[in-house]
Amino acid sequence: MSASNIPDPSLVRGLSQRRLGRRDALRMSGLSALGMALAACGVQGKGTKAPASAAPDAVQQYWSDKKQNNLVRFANWPLYMDPKQPELKAFKAKTGINFTYKEVIQEMGSWFAKVQPQLSAGQDIGYDLMVITNSFQFSQFRDSGFLAPLDHAKLPNFAKFAGDAYKKEAFDPGNQYSIPWASGITGIAYDRTKTGRDITKLADLWDPKFKGKVGMMSDVQELGNFGLMAVGANPDKSSASDWEKAAKKLQDQKDAGIVRKYYDQGYIDALGSGEVWLTQAWSGDIYQKNLSEHRDLKFVIPEEGGTIWTDNMTIPITAKNPVDAITLMDFFYEVPNAASLAEYINYVCPVPNAQAEMRKEAAKLSGEDKTDLLALASSPLVFPAQAAYANLHYYVAFESVAEQQQFQKTFDPIVLG
Amino acid sequence: MSRLKRTIAPYLLVLPGGIWLIVFFAIPMITMLSLSLQEGDIVNGYTFTGHWQTYVDALDDYRTQLIRSLIYGAIATIILIALAFPMAYWIAFYGGRRKATYLFLVLLPFFVSFVLRTISWRQILTDDGPVLSPLKSAGLVPESFHILGTPTAVIFGLVYNFLPFMVLPIYVALERIDPRVVEAARDLYADPATAFRKVVFPLALPGVFAGVLMTFVPTSSDYVNSTVLGGTDTTMIGQVIQAQYLANSDYPTASALSFVLMAVLLIGVFAYAKVLGTEDVMKVAAR
Amino acid sequence: MTTTPQHLAGNGRTATGDHPAIRFDGVVKNYLAHGETVAAVKRTDMEIAQGEFFSLLGPSGCGKTTTMRMIAGFEEPTAGKVYLDGRDVTGVTPNRRDINMVFQSYALFPHLNVFQNVAFGLERKKVARDEIRRRVGEILEIVSLSGMDKRAPREMSGGQQQRVALARALVNRPRALLLDEPLGALDLKLRQQMQVELKRIQREVGITFVYVTHDQGEALTMSDRIAVMNAGVIEQLGSPREIYEKPASRFVAGFIGTSNIVDGHVERIEGGLALLNYSTQDRVVCPVPGAVRRGDKLEVSVRPEKIDLHRGVPPVTATGGSVLSGIVNEVVYHGTSTNYTVATAAGADFTVFDQNAANADDLADRGDRVYLTWAPQHSYLIGV
Amino acid sequence: MTAQPQTLQRPARTDKGADLRPKRRITGPGVMRAYTWLIILWLILPIFVMILFGFNDTSGRYNQSWEGFTLKWYGRLFDIDDLTRGLITSLVVAVVSSLAAGALGTGIGYALGRYRFRGSGSVNLIMFATISSPELVMGASLLTFFVSLGVGLGVVTLTIAHIMFSISFVATVVRARVMTLDRSIEEAAADLGATAWTTFWKITFPIILPAVFSGVLLAFALSIDDFVVSNFTAGNAVTFPLWIWGATRVGIPPQVNVMGTLIFVAGVVIAVAFNIRSRRAQRD
């Protein structure tokens, strides 16, 4: 933490964006107690001074010759918007901009692998807007120069309505390349009827009583984070030796036969079907599962802490319609739109005012619809209380590709064993 | 003129498809070999350095998965022969006029997507699903008993998905046997078991060989079954390769593993085909 | 069919008559097999006359089919020239030769019905639709398939398919019709019927038929002339009678019907008859040309049905002819005749067909001593 | 009275016969018949489950436990745009690739079945290699190939890949048919005045057409069902199986079951129709 007060030499030399990210991460973690509510963080300016694509005139250069073309092509994850696409329809009605919406992103790694060839060849990937997670692929996208720098003059709603926490994400300081779509918390989900007791801490994931009934995530970052927190390390401040310890801890868990499987998002099905009794989980999933199947699955942020991540809207550098894209990005930050979106996707909403909006809307409804919406508006998983953030950690921030590869190599054998 | 036409005609016919296969099958294999010897990362690019170490490291890290895959493939293949043979035998010799109908029933799963079928099994075999739930309520198996996530589940899935590939070639081979040959054996004092052992089985062997060829390679390189039905210690090499390519973007490692897998399987296949004669195997396989 | 349709019979082309329908001029056909040259047809010269029923007869692999395929144009001669109607057609592709073929397997187009099969050639020649319909109807009548034009080939019997193949070729009024063992796939009874039928049709349409077969009976029944081929060489070319009665070689003698062949040295020559003696009472008498001298070694053939078989006593009647004694080895009863195999004093086993006529009581048994006699004119000197 | 000995004899005889026959039926074929049906049921069970859950009255995204019968998912079949698009992509790719592979494979199959030529061994070898190579490796190598060329992945590369793995199957089917083709049929056409071109289109092609057609059908089936190769070469294109694979992370919506059911039914109907047609053609 104190490191943030000492000027980083590489920063002075105006070196890599990644270092800036790391430095920022440190600062962020220091402020985590307040959920980053404090705006007193002068990183933004420095960030925009960062080299390469982040050169001060980069934004100007990129946007100077761009015009609105009345079309935006949106690439998103499956089931990340109401299939009826009410928000997009509203957007079209308001702006006259046509849209295509495709749920083509299923995994960060595979998405990167898929579009990397086209992007590096400078070809249009067929999308003007894509939602990507703040995993290390985010840095890969950014460091490869695949993301267009955002012109914040075109994002007034974001400036106005975005929760403060979302304005200074560690992985993209100053939102140079991205603004959040939705955010989520990684914690533990469990089926109270199976476990027979409340789950409160990470240690429960290591409880031999649940042998073969514990789900962990196959994403090495998520898995590694939990391993790190279990050995008492803070993921975003962790070192290679912490990683080793965490990997050992996770390997023990696996060898003891406690882990049923390393899941992608399939853990939801597994939890629902009784395949696992408790599992690493993302907050919104559990909400949706309970709502749609009238289940009472629990989600908890473990005592030792959970992690928070963000899925972000970005514009690929080769986009044909960036102006339309950035207009749409800003549109999602209008409070009613943000509320409408959150109603469907049930993840943490980056627009705090949406909570009030939802309650307002609920007042107009009656019966089950009203209760549901009110429940949603009060859900700590969609609008986490400030206190909840106290326990939340960020992803491990890597200083270099080599470091990231080392991290991956440390945890890969556990998942792929 | 016409003689020249006749000489070049086969080449003109083969050329378009042949070029397609060379450009999109043979050359990519070479590209993959080349990439497996390169160093770098996806952001900064790769350069060829003849880096054999990738192979050493990859095999060091994933030897277990490679061997496990071959073992799963072998077990699945053996089970497949045992399951398929009696069935093919019965259809071929006792199917009568409904032979085609039975074969059609065997092929029915092919009309449903491979992925969907496998996911469907997941739904059936799940811990509180229609199979295990009654057993658990009846107290026949402990509450924590499960099938999914075990090697058994993975091999079960492999056997399920590839059964038709074993039944068909064995059926074709058996169907070709002239029943009079079997009668002749009986006439020459062979009891039914001996007639089967000395006449039917040897004649069906090419079918079994073709079946092995058509099942061992896909089962041991599969990653869908182990991903959907497997657990923590059932990872097969296909999963590793898939993850290295499509999640980690570690192309050299992925290429090296693919190349090793292909080499192991293709050398096996070609040796196998050489011993048995490609023509025969292909003939049965083509049916 | 009493009247022959004018256009089928004459067609104004066969009437030219100056040229043989088909002429082979020094034709040779070699194949390259495993790097070695194999002669399928050795240097051959032959002529087939207009309107002739000509058969190429020989065992399989003798080159008869290759010869025919060279006429059709499916094979090109390695050397020499093929003339059709006096025109050199060497190197002309089959579809441009005015010759049609009836294939051994019939080669009917399975996806086309009878009418479409028969009309195929006419369509290629861009004959008018009405004309096609008329000619196909006509030819189907000739081959007795009227009203079957909508049938698919697989719905027909072997004999019917054969007729379709014939009609399909004939309807084009070819200069010559080539038939490649067309009756091979039919059963005996049908085959005999079709032989008569074919001969009738050929007479009616007056087209040159070149008929390839390995069945000597078939060739003898139908042909005007026969070329007997062996190992790529025409061994004998002549009328059926000539070939049967006067085989030019031991091969021909053996291949056409059954022949008994004896050899021996000429003892004396008397009035154009050579005498070969095997013992005091065993002798073969054979008419010979003047060039034959005493002491020459001769091969003499005699047909089994020309021989009389006498049991017990040596015959006194056969003074001027051949007499051979022997022991009966085998007796096979054939209904119309009884066939004997007799080990003779001449050293060769003889086959004798004894007609089961009215006096069928003098049957010989195995082991009986018999005498074989035949008239001098029934002995034929081979290879003259 | 005279009938008595007969009635006495008869049961004895039939007893003996009955003794021999049914015994064999029960021990051998009888057991195997039951076994065969058991395996067939096993093969069909997941299909049944898939169809059943297309009628499941589930309220949310998750379609896991039975909640009652409904037909609503059939009415809302095309509610999920991307799933619909995935299905359309699958169909388009399958149509294009099966036709292209049909053309290219027929050329190879015809040449191999019809001619003897230098290099046919190599063609056979490469076909054998494509058929017996692991799909995974084919997909992976194509991915490296396209990435090395700097070609973006998408519907085009996907189609290229599907054509590649289908060619050999079509060629094998066509070759088998051409080999059994009576050569004299083609000669007969030539003899009747047809040029090589006419012979092929009027005679040879119609005769081998059923084989070409079943080759194309096979290619279509391979393409529409393919997951492994597609996963590597589709880039940001999404096919029906790829969408399902992606959707497993959040639960498979009932529409997938419905589409799966419809594809299944369509496939079965086409196959049965094709089978009946060709069998009728054979019988006639």
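Reckoned from all heavy atoms, side chains included, excluding hydrogens, waters and symmetry mates. Since this is a predicted model, take the numbers as computed values, not measurements. First the proteins, then the strands, lettered A, B, ... as listed; each starts at 1.
Put simply, of B/L108, B/L35, B/I30, the one with the most heavy-atom pairs under 4.5 Å next to chain D is B/L108. Contacts with chain B were tallied for D/G107, D/S141, D/A111; D/S141 has the most, counting heavy-atom pairs under 4.5 Å. Here D/D225 is the residue among D/I39, D/L142, D/D225 with the most heavy-atom pairs under 4.5 Å with chain B. Of the listed residues (D/F240, D/Y110, D/W37), the one with the most heavy-atom contacts under 4.5 Å to chain B is D/W37.
Of the possible donor and acceptor atoms, none in the side chain of B/Y251 sits under 3.5 Å from a partner among the backbone N and O of D/V147. A donor-acceptor pair under 3.5 Å is formed between the side chain of B/Y11 and the backbone N or O of D/R118.
Contacts between B/V167 and chain D at a heavy-atom distance below 4.5 Å are absent for every atom of the residue. Heavy atoms closer than 4.5 Å to chain D are found in both the backbone and the side chain of B/P86. Looking at B/F104, the atoms closer than 4.5 Å to chain D (heavy atoms on both sides) all sit in the side chain, from C-beta outward. Only the side chain of B/T227 comes within less than 4.5 Å of a heavy atom of chain D; its backbone N, CA, C and O stay farther away. Contact annotation for B/V159: both backbone and side-chain heavy atoms come within less than 4.5 Å of a heavy atom of chain D. Looking at B/L265, the atoms closer than 4.5 Å to chain D (heavy atoms on both sides) all sit in the side chain, from C-beta outward.
Closest approach of D/Y35 and B/L83 over heavy atoms only: OH-O, 2.5 Å. The two residues D/M164 and B/W20 have their closest heavy-atom pair at N-NE1, 3.6 Å. In terms of heavy atoms, D/F117 sits closest to B/V14 at CZ-CG2, 3.8 Å. When every heavy atom of D/I167 is checked against every heavy atom of B/G17, the shortest pair comes out as CD1-O, 4.0 Å. Closest heavy-atom contact between D/L136 and B/S221: CD2-O, 3.8 Å. Closest heavy-atom contact between B/G18 and D/I108: N-CD1, 3.7 Å.
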**Study point:** side chain to side chain contact (heavy atoms under 4.5 Å, CB included) assessment of B/L163 paired with D/L43
**Key:** CA-CA 9 Å; B/L163 184 67; D/L43 283 171; 4.0 Å; yes

Exercise for review: Evaluate the criterion ring pair (Phe, Tyr, Trp, His ring centres under 6.0 Å) for residue pair B/Y160 and D/W42; output intermediate values, then yes/no.
Suggested key: CA-CA 8 Å; B/Y160 172 79; D/W42 178 57; 5.3 Å; yes

Practice item. Go through the steps to decide whether D/W245 and B/F114 satisfy the test ring pair (Phe, Tyr, Trp, His ring centres under 6.0 Å), and finish with yes or no. Key: CA-CA 11 Å; D/W245 186 257; B/F114 174 47; 9.0 Å; no

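No hydrogens or angles considered: nothing links the side chains of D/N231 and B/Y245 as a donor-acceptor pair under 3.5 Å.
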Acceptor/donor pairs from residues 259-274 of chain D side chains to any protein atom, 3.5 angstrom cut, sequence neighbours excluded:
residue : atom : partner : partner atom : Å
D/T261  : OG1  : D/N257  : O            : 2.6

Please list, one pair per line, the donor and acceptor atoms closer than 3.5 Å that link side chains of residues 44-53 of chain D to other protein atoms, with sequence neighbours excluded.
none

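Looking at heavy atoms from C-beta onward, D/T233 lies out of side-chain contact with B/F24 at the 4.5 angstrom threshold.
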